[in-house]
Structure formats: structure tokens, C-alpha cells
S.K.: 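Before we start, here is the structure in question, set down as C-alpha cells.
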Amino acid sequence: MKPAQIQAFFTTLATANPQPQTELEFASVFELLAAVLLSAQATDVSVNKATRHLFLVANTPQKMLDLGLEGLEGYIKTIGLYHSKAKHLLQTCQMLINQHGGQVPRTREALEALPGVGRKTANVVLNVAFGEPTMAVDTHIFRVSNRTGLAPGKTPLAVEQALLKRVPQAFLTDAHHWLILHGRYVCQARTPRCWECAVAPYCDFKPKTLEG
DNA sequence: ATCCCGAGGG
DNA sequence: CCCTCTGGAT
């Protein structure tokens, strides 16, 4: 994709989704961190279903710790990878209390030092909670960025850096959601639905046949 | 069967 | 690099 086409690429995606937003439900920075940590390899719908009850009784690190491991697991059992997520979330709560005055830290370094928080989760928190111009690269964004030629890279980090370089900063936050939605519903992993893709004119990928 | 807005450990 | 963790929706 040529740099000159990037503006049109996002303008087209924006037409389909003028105001994309996180589907995760949260009422504080701590809830955001917890929700994103829990969302790995899970749908937002299933995470919301669990956190809706969980945050009612535990919306602070201390209250979360008070639940204990098995108490917390009871709330998130319906989410994938629940055991390691429960363990990591409690360890993170303990670190928030011990090292950050019970608050969610604002730096990438401190965020990534939290158990269960990797680069992707840190980027989401930095962007959504603190307004930093970061780009969280998940499986969808990695695939779409490479396939379309928007921001090619061999690793998620390389794609992240390419996106930061090529996507106008004003688009950055919404671009995250546009790329995810595009990847989930149109530019799918196995069989990209190029025949119904609105941004095909700007895309480097050309399917072998036009049959659908 | 396959996928879902990953992260940690080997 | 690879493997594992995990349940629910489709």
C-alpha cells in the first residue's frame, strides 16, 4: 500500500464505523486493566459477562485480593485460560498495592512488569486510559497490516512500529478498532472476503479468483 | 472442528 | 523458537 492510499483506506473504514470503541466494559482504570488482562484469547462478550458481576464486589486491587484465588476463579471460570488469569490478576493487584499505591502505573515499563500484562495489554491501557499514542497489535491487526501492506512486519513489534510511522496520529486510536473489526468480519484469517471488502482498491493482497 | 482484541515458561 | 493454558460460541 502506498502512503498516499492510507488516508483513503481509513476514511473508507471510518464510513462503515464512524465511532468505533472498545466493547469491553469498565468504570475505572483498574477495571480496564483487569478487563484487558482477562480478555486474552476470549471474546469481549464473555469477558463482560464475567466482569459485570466481578466488578460489583471487587473494583479495587484490595477487594480483588480479598476474594482469594478460588473466589476470583469462581467469577471468571467462564472465560478461557481462567486459572492463569486469576493467578496473574491477583499477583498484579498485590504489586499495585505494594509498589504503586494501589494505582495503575502510567509507564510501559511498570505496566509490563505486572504479571499477565504484556506489550499488547500495556498498549491498550496506555492508549485508552492515559491517552498515549500507542498501537496495540493483536492477531487481527498483525494479519491485516501485513496482508494489506498497510504496515508490514515480521513480528507484532515490527508491525506496531510500522503502524506508528505510517498511520496519521489523529487516526491512531480509532485505527486500532477499525483494523480489528475489519480483520474479524472481512479480512478473515483463512478466507479473506475480498469480494465484499470496501478497502480492496487500496490493498496489496489480490485473491487468485474472484469467486465467493 | 475452529476461533476468540495473549502471555508466560521451556 | 515452540508449547500450554481454557471455556463458550458457532
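So you know, we letter chains A, B, ... as the sequences are listed, proteins then strands, and number each from 1.
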S.K.: If I take atom CE in residue A:Met135 and atom P in nucleotide B:dG6, what distance separates them, rounded to the nearest angstrom?
M.R.: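 That distance rounds to 14 Å.
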S.K.: Write down the distance between OH (A:Tyr185) and C1' (C:dA9), rounded to a whole number of angstrom.
M.R.: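 Whole-Å distance recorded here is 12 Å.
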S.K.: Quick check: any donor-acceptor pair below 3.5 Å linking the side-chain of A:Lys120 to the base of B:dC5?
M.R.: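 Such a pair exists between side chain and base.
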S.K.: Checking side-chain contact (heavy atoms from CB on, under 4.5 Å) for the pair A:Tyr75/A:Thr51: CA distance, chi angles, key distance, verdict?
M.R.: CA-CA 8 Å; A:Tyr75 282 96; A:Thr51 57; over 6 Å; no
S.K.: Do other residues, nucleotides or ligands put more than 12 heavy atoms under 6.0 Å from A:Glu112 CD?
M.R.: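 Buried by this count: over 12 neighbours within 6.0 Å.
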S.K.: Can you check whether A:Lys49 has a side-chain N or O nearer than 4.0 Å to OP1 or OP2 of C:dA9?
M.R.: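 So the side chain of A:Lys49 is within the cut-off, an N or O lying under 4.0 Å from OP1 or OP2 of C:dA9.
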S.K.: Can you see if the side chain of A:His88 gets near the phosphate of B:dG6 - specifically, an N or O under 4.0 Å from OP1 or OP2?
M.R.: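 For B:dG6, neither OP1 nor OP2 has a side-chain N or O of A:His88 closer than 4.0 Å.
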S.K.: Rounding to an integer number of Å, can you tell me how far A:Arg143 CZ sits from B:dC5 P?
M.R.: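 Spelled out: CZ on A:Arg143 to P on B:dC5 is 10 Å.
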S.K.: Could you check A:Val128, A:Leu126, A:Asn127 and say which one makes a side chain to side chain contact (heavy atoms under 4.5 Å, CB included) with A:Val124?
M.R.: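 Result for side chain to side chain contact (heavy atoms under 4.5 Å, CB included) with A:Val124: A:Val128.
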S.K.: Write down the distance between CD (A:Glu23) and P (B:dC5), rounded to a whole number of angstrom.
M.R.: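 Answer to the nearest Å: 8 Å.
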S.K.: What is the distance from CD1 of A:Ile79 to P of C:dG8, rounded to the nearest Å?
M.R.: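 Computing the A:Ile79:CD1 to C:dG8:P distance gives 11 Å.
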S.K.: Just N and O in the side chain of A:His83: are any of them under 4.0 Å from OP1 or OP2 of C:dC5?
M.R.: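 It does not, given that no N or O in the side chain of A:His83 lies less than 4.0 Å from OP1 or OP2 of C:dC5.
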S.K.: Looking across every strand, which nucleic acid part, if any, lies under 4.0 Å from A:Leu114 by heavy atom: base, sugar-phosphate, or nothing?
M.R.: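 Sugar-phosphate contact only.
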S.K.: For the P atoms, the ones on B:dG10 and on C:dT6, what distance do you get once it is rounded to whole angstrom?
M.R.: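 Rounded to whole Å, the distance is 15 Å.
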S.K.: Classify the nucleic acid contact of A:Arg190 as base, sugar-phosphate or nothing, counting any heavy atom under 4.0 Å across all strands shown.
M.R.: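 Sugar-phosphate only.
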S.K.: Considering only atom P, compute the distance from C:dC3 to B:dC5 and round it to an integer number of Å.
M.R.: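 It works out to 24 Å between them.
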S.K.: Any base atoms under 4.0 Å from A:Lys77, or only sugar-phosphate, or nothing? Heavy atoms, all strands.
M.R.: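 Sugar-phosphate, no base atom in range.
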S.K.: Does B:dA7 have OP1 or OP2 sitting under 4.0 Å from an N or O in the side chain of A:Thr121?
M.R.: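 So the side-chain polar atoms of A:Thr121 do come within 4.0 Å of the phosphate oxygens OP1 or OP2 of B:dA7, strictly under.
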S.K.: CD of A:Glu196: more than 12 outside heavy atoms within 6.0 angstrom?
M.R.: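 For A:Glu196, atom CD is crowded (more than 12 foreign heavy atoms under 6.0 Å).
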S.K.: Nearest to the A:Thr78 side chain among B:dC5, B:dG6, C:dG8, which nucleotide is it?
M.R.: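 So the nucleotide nearest the side chain must be C:dG8.
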S.K.: Atom CZ of residue position A:Arg166 - does it have more than 12 heavy atoms of other residues, nucleotides or ligands inside 6.0 Å?
M.R.: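 More than 12 heavy atoms, drawn from other residues, nucleotides or ligands, come within 6.0 Å of this atom.
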S.K.: For the pair made of CG in A:Leu89 and C1' in B:dA7, what is the distance, rounded to whole Å?
M.R.: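 To the nearest whole Å, that distance equals 14 Å.
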S.K.: What is the separation between atom CZ on A:Arg108 and atom P on B:dA7, rounded to the nearest whole Å?
M.R.: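 A:Arg108 atom CZ is separated from B:dA7 atom P by 11 Å.
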S.K.: 5'-most contact on DNA chain B: A:Leu24 or A:Pro115, nearest heavy atom basis?
M.R.: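 The answer here is A:Leu24.
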S.K.: Think A:Gln41 has a side-chain N or O under 4.0 angstrom from the OP1 or OP2 of C:dT6?
M.R.: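 Looking at the OP1 and OP2 atoms of C:dT6, neither is under 4.0 Å from any side-chain N or O of A:Gln41.
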S.K.: Base, sugar-phosphate alone, or nothing: which one does A:Val45 contact when heavy atoms must sit under 4.0 Å apart?
M.R.: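 Nothing: the residue A:Val45, judged by heavy atoms under 4.0 Å, touches no strand.
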S.K.: Can you tell me how far C1' of B:dG6 sits from NE2 of A:His140, to the nearest Å?
M.R.: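 After rounding, the gap between these two atoms is 12 Å.
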S.K.: If you measure from the Lys or Arg side-chain nitrogens to the Asp or Glu carboxylate oxygens, is any gap between A:Arg108 and A:Glu132 under 4.0 Å?
M.R.: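 Not counted as a salt bridge, because no side-chain N and carboxylate O are separated by less than 4.0 Å.
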